[in-house]
Number of protein chains: 2
Amino acid sequence: MLDSIARLRRFNRVVTREIGALDTSYLGRGRPLSTARVLHLIKPEGTDIAVIRQTLHFDSGLLSRLLRALEKEGLVVVKSDPADRRRRIAHLTEAGQAEWQVYDQLGHDKAKAVFDRAGSRQQALIEAMDLVATVLLQDELVIRDADPDDPAALSCLSAYYRILLDTFASFTPEMLPLPLPEAARYRSPDGAFLVAWSDDLPVGCVSLRPLEPGVGEVKRLWVHPIARGQGLARRLMRAIETRARELGMTRLQLDTNTGLSDAVALYRSDGWTDIAPYTTSPSNLWMAKRL
Amino acid sequence: MLDSIARLRRFNRVVTREIGALDTSYLGRGRPLSTARVLHLIKPEGTDIAVIRQTLHFDSGLLSRLLRALEKEGLVVVKSDPADRRRRIAHLTEAGQAEWQVYDQLGHDKAKAVFDRAGSRQQALIEAMDLVATVLLQDELVIRDADPDDPAALSCLSAYYRILLDTFASFTPEMLPLPLPEAARYRSPDGAFLVAWSDDLPVGCVSLRPLEPGVGEVKRLWVHPIARGQGLARRLMRAIETRARELGMTRLQLDTNTGLSDAVALYRSDGWTDIAPYTTSPSNLWMAKRL
DNA sequence: GCTTATAACTGACTTTAGTCAGGTAATTTA
DNA sequence: TAAATTACCTGACTAAAGTCAGTTATAAGC
């Protein structure tokens, strides 16, 4: 334990020195760091200033002052929210968008410099960083609805497809098109597509499409390797079942393969039972659950 | 690449929030953070204030002021270095030592809380942190003399022994005693023991003992898994050869095993040649090098 | 319609960190 | 031994971050 604390401190020292410099790269543009961070948090479509305040944990007065400074520079315009005119939304001017780009590029360059230093161990570095971040964020996994054509959804699907191709010889890339050909059926009100997020990294997905009135099919359950062992798959299944109920479904089906033994064990332990085959394809196990 | 930068930023956000809190845990004792960090850098035997300045990258004036504040609190006494009376050494008073303990405990508790949250993935977390730190510190590997009884030397040796036990069935724990029975022979002026450091983590070692006048034997070359692939083994060998020359040796020998193929390849490429057996034991290859 | 709550703003203030221009004493160099 | 250098100190200053009390406009509750 003592040794591990020494190692944590070493990690702490190194990381605050090297990675902390990502933030300080925002300096050098004649603007204090906090002002630059506020600017960089404003999205093209505008950002509710309350969101900025929560993200940076700033006092209301402090943020006000920083926004006034950005307005005086002509980079930002703050307007009242039409829906609730007490709330205010910050927008980037054209000059502000240009400056935002500069900051984004600075951070990008700094990050690239870190990876360049890793040389041949770049991949290992990224995986180690993911693991650290995921462990520290494990209590904050969030499941949100996504559009099946969204980049996050597509990144989950392509990871899921890679598993299928690696595991089953009978799958070919042509059988696994991206984006999904019937994307509309995975959108509300027909079906659903859920993505699990760890901070802003997609780490899991599951989808639901209608089969016949009152019956839905669960497909494409996937959990990122760095997020396994935390019950995320079960949370995703529970979430999609809830969504199915909200859509008026009373029965769910799925087809799977006994080769995916972890998934099958999860289904069984969550009340799914075997049913007769209803698809061909590489499936060799069919299950259903009454909601 | 874009994805990896997003992942680095995620890592950055999480780590500055979670691990950065290790430092801020020094707050809450009615003392500014920088003052507390200075106090915690003072060792029981006293610390040269230049070392503190370099470690924290503080301005000379700033550190002076912080030390005056700690003196006024009765926690620290700064005395002139007898060897060079311009230099000054900071010492902890009794009250200062007590306060130092409190800060140490605070950091300790905070670190433990991080590990506790990792649950079953504690070991994986530590290894990932080590990897990140080592990659970022790879240009800063330092090789220093160590005493063979030093904790760092012992930790290297026990890791080395573990490899031997795992690789060769013919080794038994009794054949690998710790601490070394003939430690004195690995100390100057007879021999040497070198340890490679990444920050304050020992990541490699090599040792040298006298065989007969003018002839030395290199033993126990080890490199931590997280530090492999960076040429550290070669640097250690070069360093121990230099040390051997300084000790007046003109010839080096070693015994090894062809099972350790990486090591053997290194020796050969660095000018070592096969010689006749001079030991029994699990060795099956004997080499020498003229200095 | 009146009261209360909420969101943001303004101005005054403090703390912390850090810089800079001297100054002194000790040591090293020429 | 004089001049230069080094190590540290002091005092004056600034910038950045953050806190706090009070104000205004809007929305929500009764």
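The analysis underlying the following values was restricted to heavy atoms, covering all of them including side chains, and did not include hydrogens, waters or symmetry mates. Lettering follows sequence order; numbering is per chain, from 1. Given the structure is predicted, the values throughout are model-derived calculations rather than measurements.
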For a 4.5 angstrom cut-off between non-hydrogen side-chain atoms, does B:Leu70 reach B:Val38? yes

Using a 4.5 Å cut-off on heavy atoms from C-beta on, say whether the side chain of A:Asp145 contacts that of A:Val195. no

To the nearest Å, how far apart are A:Arg31 CZ and D:dA15 C1'? 16 Å

Whole angstrom is fine here: how far is it from CZ in B:Arg68 over to P in D:dC8? 11 Å

In terms of ring plane angle, is the pair B:His40 and B:Tyr26 parallel, tilted or perpendicular, where the classes change at 30° and 60°? perpendicular

Please list, one pair per line, the donor and acceptor atoms closer than 3.5 Å that link side chains of residues 72-79 of chain A to other protein atoms, with sequence neighbours excluded.
| residue | atom | partner | partner atom | Å |
| --- | --- | --- | --- | --- |
| A:Glu73 | OE1 | A:Arg31 | NE | 3.3 |
| A:Glu73 | OE1 | A:Arg31 | NH2 | 2.9 |
| A:Glu73 | OE2 | A:Arg31 | NE | 2.7 |

Is B:Leu33 touching bases, backbone alone, or none of the nucleic acid, heavy atoms closer than 4.0 Å? sugar-phosphate

Spacing of A:Asp59 atom CG relative to C:dT10 atom P, expressed in whole Å: 13 Å

For B:Ile49, which contact category applies under a 4.0 Å heavy-atom criterion: base, sugar-phosphate, or nothing? sugar-phosphate

To the nearest angstrom, the CG-P distance between A:Leu62 and C:dA8 comes to 14 Å

Answer yes or no: are there more than 12 heavy-atom neighbours, outside B:Glu94 itself, under 6.0 Å from its atom CD? no

Please work out which residues in residues 69-89 of chain A have a non-hydrogen atom less than 4.0 Å from an atom of DNA chain C and list them by number. A:Arg86, A:Arg87, A:Arg88

Does the B:Arg10 side chain pair with the main chain of A:Ser198, one donor and one acceptor, at a distance under 3.5 Å? yes

Looking for any heavy atom pair under 4.0 Å, which part of the strands does A:Ser34 touch: base, sugar-phosphate only, or nothing? sugar-phosphate

Which part of the nucleic acid, if any, lies within contact of B:Arg53, taking any heavy atom under 4.0 Å across all strands shown: a base, the sugar-phosphate backbone alone, or nothing? sugar-phosphate

Any donor-acceptor pair under 3.5 Å between the side chain of A:Arg65 and the base of C:dG11? yes

Length of the line joining B:Asp48:CG and D:dT6:P, which is rounded to integer Å: 16 Å

Before you tell me yes or no, could you show the steps for A:Asp109 and A:Lys112 under salt bridge (Lys or Arg N to Asp or Glu O under 4.0 Å), namely the whole-Å CA-CA distance, both residues' side-chain angles and the distance that decides it to 0.1 Å? CA-CA 5 Å; A:Asp109 292 349; A:Lys112 197 166 173 316; over 6 Å; no

A:Leu66 has an atom CG; how far is it from atom C1' of C:dC9, in whole Å? 13 Å

